[in-house]
Every structure is written in structure tokens, then in C-alpha cells.
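I'd like to ask some things about the structure below.
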Amino acid sequence: MSTEESLSSSFTVTNSLSGKLSDVTSSETHYNAEKLSESGSANAQGGGYGESSKIIAARASSGSSISDSTESTSSNFCSNNNKPHKANDKSWDAIQAIRIRDGVLGLNHFRLLKRLGCGDIGSVYLAELKGANCCFAMKVMDKGSLASRKKELRAQTEREILASLDHPFLPTLYSHFETEKFSCLVMEYCMGGDLHSLRQRQPGKHFTEQAARFYASEILLALEYLHMLGVIYRDLKPENVLIREDGHIMLSDFDLSLRSIVSPTLVKSSTLDGQRVPAYCIQPLCVVSSCVQPACTQPSCLIPSLILQRSKKNRKPKSETGYQLSPLPELVAEPTGARSMSFVGTHEYLAPEIIKGEGHGSAVDWWTFGIFLYELLHGKTPYKGSGNRATLYNVVGQPLKFPETSGVSFAARDLIRGLLVKDPLQRLGSKRGATEIKHHPFFDGVNWALIRSTVPPEVPQPFELESIEHRNSPASSTENSQNADLNSSGSYLDFDFF
Ligand SMILES: Nc1ncnc2c1ncn2[C@@H]1O[C@H](COP(=O)(O)OP(=O)(O)OP(=O)(O)O)[C@@H](O)[C@H]1O
């Protein structure tokens, strides 16, 4: 079967799920491949997709348990009891103070200052907690619209995943409440915009290798944490990486994520006698600058013989290296049993196994991680075609190429090659997840434990609430009238959706 044929036939996704899935994901057994675009929808089953950038498989409505006019009070849902990293967060304290005073938190406690953006299932507003000088990002979803478009399960999945997170590079969900018409998520506000916009502002529209390493390292930790929770993210792209006030990142947007069961395991370290050997995918001496698809069949096992010999020669006697000689066990938490047949993601970032409809698991996140790193370093993605169909064709059938003039290091290209192996079983990260990827020489020198203390490549200008308030004053609010109603009493009238 030609690639073209297999592409078309791959859109007939009728198989049932295999592998271990949670209750929530098992509802994915009914789906239709569906494309989302501002210009409308198209049926992807026959390969007749148009030129949108993002596709999803619509899952059947689960009959979600959204209740009316209440804040979610379900025990630990939005308390910081189970979020030790938020123990000293003044935003938690401010929200808690309102709860103590008024019982529950609601829309009336917030002033919506401006619309930050809108996605497929809702709009996100910058919201100030009245009287507390604290700002949040509030995602507002129209319940009627969610129901009519069968998006309730997506919204519910996103909400439940957000509620379970407690990580410096992932968003905090402070509260979820419902009004008669809207479902609202109160999240941490990221004031620095997204990584896509930041990349556009770089010379040559790409990051330096040092900057790319920084962002890729933080993303790797975020994905590692998600995989430990059994969450496969599935939508990595610079647009979904937001920049915090301090220049560190926050991975956002979980409505395409998949939840599965994972059993974290301690395994013996991959070091040799305690000495780390650079785990290149391809032997450096054999590689020419514009490489084609690698012979990287077992990424974590292929260690260049030259390097091995040197390592053995340089190896220090046991007494000198002390405890390093007993390799420490490493935590591996890759949800390798997860399987989904959904057709989800963004065209240029879709893994081949998703396009081919073969069923996919956590390895899709390592594929997208490879595309992501390629884009940060080169200012473009590797398989982009003249349209979406051509892009998908390239992902499945074309070899990986780097620009002739690429000044990108061997280590970076080797890592990208290892991640962009088309067979998910042979892909770097597919067996031991982030643990495997962290050992790649591209990340040499990264202090994983202290990455939060690393100085970011760029720190955004300080955010001034007053300037937004000024712009939103009645005298200057033509823009506001198009967005949310921001009247000074703080009550809202209408939201502008989608
Ligand atoms: N916590 C946040 N802080 C600041 N801005 C945010 C935050 N969350 C979202 N945004 C902004 O709001 C926009 C809409 O976000 P949302 O997650 O709803 O959708 P999306 O990522 O654009 O698309 P989709 O939901 O269709 O995948 C984003 O593009 C982003 O610019």
C-alpha cells in the first residue's frame, strides 16, 4: 500500500481501544475524526481534511456531572491540601479568605479585565480577585455550547487533570465554579505570552541552542511529571507553552490530553559503573550535516564504540568516585500501556502512528517533543508541506532533513533524530520515558533538580495591573465592549465566545 493510500485509509478509525485505559479514556471508543477550524469542519475519515492547524477526535459526551451555580467543593478538588508546592502561595490565601468570608467563590468575586484568548472550548480572561490585588486566568466555557458540540467530556477531562497538578511548570487550578450558563476555571495567570510569540521575536525567528535547551529541559520535566500521573499530553507546541513572570514556563491546555494508568517503577541506572556515557543515537563520526532519517534503532542502547572505549580508559578507581560507582536506581514512570485511537493534535506536530490510525500511546509526546525542539532551533517544523494533507504525507513518508545551513550542534540534531524515529517502539523515550531523554548529551550540564533556579533566557517586562485597569476605564473601553462586559460593579452581562 502506498503512503498516500495508507494515509487515506487511516482515517477510518473504527477499532476499539486496546491496552489499559482509565474509565474516562475508555469513553473514547466512540469517536469521529473531526477537524476544527474557524472556517468550519471537514470529515477526516476519507482524508478530506482542509487547511486548519489543529485536529481533534470528538469524543462522545459522557453525560458529565456538571452541577449548577456552585463552586466545586469536592474535598481536595481545589484546595491546596494536596498541593504542597503551593503552601505559601498568596493567591491561595486570598481565595481561601473569600471562601471563609462568603462560603463559596463565584463569578461575582472577580473583575474581568481583558480577554487573553479563546480556544475551542472557551475563552480565557484576565481576572482580578476583587479587593485582593491578585490576578488569575479564568477560562469561561458556555455550558450550552459545550453540550451542543459534545465537548463536555473534553472540558471535564481538562478540569480533572488541572485539579490533579502540582508542579512548577504546570498550571495551578485555584477554583472551579459554575453559574447557570457558564463553567469557569480559575487558574494561575501567565503574563509573558507564549513561546511561539517569543520565538517570532528572536533574531532569525529561532532560539539559540542555550535558550532552546532551557525551554526543552523545563518541558521535559513537565512531560515527565504528567506521564507519572498517567497523563499523555498530546498537544505540545510553542503556542501552548506560556511564559511566567519570572521567565520560566508553564505548559497549558489539557483538553486533548489522555489519561491512563501508570505504575512508576524504580529501575537500575543506565550509567556504566557510575560513569555516564553520552548516549548518542548515531555515532558522531558517521554523520554528515544534512542527515536523513537515522539508523537509530535502539536509541538508549546505541553507544558509540569510540566513546565507550574512552570512558573505560578514563574510568576512575572505585575509591575516587565514591558512591557514584553504585548506580542509583531511577524512577521510570512511562504509561507504556496506554492506547488511544483518537485522531488528535496539530498537523505539523502529529506523530506518524496517529496519522496512520495505528493506535498510539505515550511515545507521541516524545515525537512532539522532537518537533518542538526542531522548531525552537530552526524556526520551522520539519515536515511542513504546502497544505495539511501534504504535511501529514511528509510526516509519514518523508525522511527527516535538517537545513543545509543549520548551525545546530551535532548533539541537538542527534537528539531530534532519536525523538523523530517514525516507529514509536524504537523512538527515544518510548521505553523509559524522560529518564532516557535526560541522559542525552544535548542536556549535558543541565542541573535537573535546580532548573527552577536557572536564569531564564528572557524575563518578561513586569506586569502592571494599573495600566490594564486604565485601559479598561469607561473612557477608553471600545475594545472591552467587544470582549467581556467589564463594568465596574464586577458583575458580567455577556461573554463573547468562540
Ligand atoms: N493561564 C494562562 N495565563 C495567560 N494566558 C492564558 C492562560 N491560559 C490560556 N491563556 C491564553 O488564552 C488562550 C486560550 O487558551 P485555551 O487553553 O483555552 O485555548 P487554546 O490553547 O488557544 O486552544 P484549544 O483549547 O482549542 O486547544 C491561549 O492561547 C493563551 O494565549
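It should be emphasised that the depicted structure is a prediction, and the values quoted were computed from it without experimental measurement.
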| field | Worked verdict on Phe214 versus Phe207 for ring-ring contact (aromatic ring centres under 6.0 Å, His included) | value | CA-CA 10 Å; Phe214 172 85; Phe207 289 104; 9.9 Å; no
| Between Asp93 and Lys90, is there a salt bridge with N-O shorter than 4.0 Å? |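 Salt bridge: no.
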| task | Please check if any side-chain donor atom of Ser257 sits under 3.5 Å from a side-chain acceptor atom of Asp235, or the reverse. | result |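 No pair is found: no donor N or O on one side chain lies under 3.5 Å from an acceptor on the other.
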| message | Within a 6.0 Å radius of atom CD on Gln200, are there more than 12 heavy atoms belonging to other residues, nucleotides or ligands? | response |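 Counting neighbours around CD of Gln200, more than 12 heavy atoms of other residues, nucleotides or ligands fall under 6.0 Å, so yes.
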| query | Under a 4.0 Å N-O cut-off, is there an ion pair linking Glu358 with Lys356? | reply |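 Between Lys356 and Glu358 there is a salt bridge, with a charged N closer than 4.0 Å to a carboxylate O.
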| field | Inter-residue atom distance Leu153.CG - Glu160.CD, 0.5 Å rounding | value |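 The CD atom of Glu160 is 8.5 Å from CG of Leu153, to the nearest 0.5 Å.
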| said: When you compare the side chains of Tyr174 and Asp89, does any donor N or O come within less than 3.5 Å of an acceptor on the partner? | reply: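 The criterion, which ignores hydrogens and geometry beyond distance, is satisfied for Asp89 and Tyr174.
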| task | With Arg213 as the cation and Phe442 as the aromatic partner, state whether NZ or CZ is under 6.0 Å from the six-membered ring centre and within 45° of the axis. | result |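 That pair qualifies as a cation-pi contact.
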| task | For side chain to side chain contact (heavy atoms under 4.5 Å, CB included), just list the numbers for Glu188 and Phe136, CA-CA rounded to whole Å, side-chain angles, deciding distance to a tenth of an Å, and then say yes or no. | result | CA-CA 5 Å; Glu188 192 177 349; Phe136 298 89; over 6 Å; no
| said: Could you walk me through whether Glu152 and Gln156 satisfy the side-chain hydrogen bond (donor to acceptor under 3.5 Å, both in side chains) test, starting with their C-alpha distance in whole Å, then the side-chain angles of each, then the deciding distance to 0.1 Å, before giving a yes or no? | reply: CA-CA 6 Å; Glu152 288 161 313; Gln156 186 186 342; over 6 Å; no
| So, the side chain of Lys431 versus the backbone of Leu425: is there a donor-acceptor pair under 3.5 Å, distance only? |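 Yes: the side chain of Lys431 pairs with the backbone of Leu425.
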| request: Indicate yes or no: does Lys151 engage Asp120 in a salt bridge with an N to O separation below 4.0 Å. | output: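 Salt bridge flag = yes for Asp120 with Lys151.
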| field | Residues Lys384 and Thr391: side-chain donor-acceptor under 3.5 angstrom | value |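 No, because no side-chain N or O of Lys384 sits under 3.5 Å from a partner of the opposite role on Thr391.
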| task | Determine whether the aromatic ring centres of Tyr349 and Trp367 lie less than 6.0 Å apart. | result |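 Not under 6.0 Å, so no.
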| Taking Thr368 for the side chain and Val364 for the main chain, is one N or O donor matched with an acceptor at less than 3.5 Å? |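 Checking the backbone N and O of Val364 against the side chain of Thr368, a donor-acceptor pair under 3.5 Å is found.
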| said: Donor-acceptor pair, distance only, cut-off 3.5 Å: does the side chain of Glu158 make one with the backbone of Phe254? | reply: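 It does hold such a pair.
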| said: Run Leu419 and Leu415 through side chain to side chain contact (heavy atoms under 4.5 Å, CB included) and show every step you take. | reply: CA-CA 6 Å; Leu419 294 164; Leu415 173 58; 3.8 Å; yes
| said: Rounded to the nearest 0.5 Å, what separates atom NE2 in His227 from atom CD1 in Ile232? | reply: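 Atom-to-atom, His227:NE2 and Ile232:CD1 are 6.0 Å apart.
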| said: Tell me every residue that passes side-chain hydrogen bond (donor to acceptor under 3.5 Å, both in side chains) with His248, counting only those two or more places apart in sequence or in another chain. | reply: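 Glu218.
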| For Lys380, does its backbone N or O pair with a side-chain atom of His378 as donor and acceptor, under 3.5 Å? |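 Judged by distance alone, no pair lies under 3.5 Å.
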| Is a donor on one side and an acceptor on the other found under 3.5 Å between the side chain of Arg115 and the backbone of Val124? |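 A pair under 3.5 Å: no.
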| request: Keeping the roles fixed (side chain from Trp366, backbone from Gly429), state whether a donor-acceptor pair exists under 3.5 Å. | output: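 Answer holds: yes.
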| message | If you define the side chain from C-beta out and look only at heavy atoms, does anything of Asp246 sit under 4.5 Å from Val459? | response |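 No. Closest side-chain heavy atoms not under 4.5 Å.
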| query | Ignoring hydrogens and geometry, is there a side-chain-to-backbone donor-acceptor pair from Glu245 to Met191 under 3.5 Å? | reply |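 Looks like no, no N/O pair under 3.5 Å.
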| request: Would you check, one step at a time, whether the test side-chain hydrogen bond (donor to acceptor under 3.5 Å, both in side chains) holds for Tyr233 with Asp253? | output: CA-CA 9 Å; Tyr233 179 61; Asp253 199 2; 5.6 Å; no
| message | Quick check: do Met141 and Leu185 have side-chain heavy atoms less than 4.5 Å from each other? | response |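 SC-SC contact between Met141 and Leu185 confirmed.
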| task | Go through the side-chain N and O atoms of Ser197 and Asp194 and say whether any donor and acceptor fall under 3.5 Å apart. | result |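 Result is yes, a qualifying pair exists.
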| said: Tell me whether Thr157 contacts the main-chain N or O of Asp255 through its side chain, where contact means a donor paired with an acceptor under 3.5 Å. | reply: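 Looks like no, no N/O pair under 3.5 Å.
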| Under a 4.5 Å cut-off applied to non-hydrogen side-chain atoms, are Leu170 and Leu226 in contact? |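 In contact.
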| Taking NZ, NE, NH1 and NH2 as the nitrogens, is one of them in Arg427 or Glu353 under 4.0 Å from a carboxylate oxygen of the other? |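 Looking at Glu353 together with Arg427, the answer is yes, because their closest N to O distance falls below 4.0 Å.
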| field | Thr381 and Glu375: side chain donor to acceptor below 3.5 Å | value |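 Not at all, the side chains of Thr381 and Glu375 share no donor-acceptor pair under 3.5 Å.
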| task | Please check if any side-chain donor atom of Gln96 sits under 3.5 Å from a side-chain acceptor atom of Arg99, or the reverse. | result |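 Yes, Arg99 and Gln96 have a side-chain donor paired with an acceptor closer than 3.5 Å.
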| said: Using only atom types and a distance under 3.5 Å, with no angle test, would you say the side chain of Arg244 pairs donor to acceptor with the backbone of Ile249? | reply: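 Indeed, once roles are kept as given, a pair shorter than 3.5 Å links the two residues.
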| task | Please lay out, stage by stage, how Tyr225 and Leu165 fare under the test side chain to side chain contact (heavy atoms under 4.5 Å, CB included). | result | CA-CA 9 Å; Tyr225 175 85; Leu165 305 178; 4.0 Å; yes
| Given Val395 and Leu350, is the side chain to side chain contact (heavy atoms under 4.5 Å, CB included) satisfied, shown in steps? | CA-CA 8 Å; Val395 171; Leu350 278 180; 5.6 Å; no
| query | Is any side-chain heavy atom of Leu229 less than 4.5 Å from a side-chain heavy atom of Ser164? | reply |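 In short, these two side chains touch, coming nearer than 4.5 Å.
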| query | What's the spacing between Leu162 CG and Thr172 OG1 if we round to 0.5 Å? | reply |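 With rounding to 0.5 Å, CG (Leu162) is 9.5 Å from OG1 (Thr172).
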| request: Say whether, by atom type as modelled, one donor and one acceptor occur between the side chain of Arg234 and the main chain of Leu256 under 3.5 angstrom. | output: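 Side chain of Arg234 to backbone of Leu256, a donor-acceptor pair under 3.5 Å: yes, one is there.
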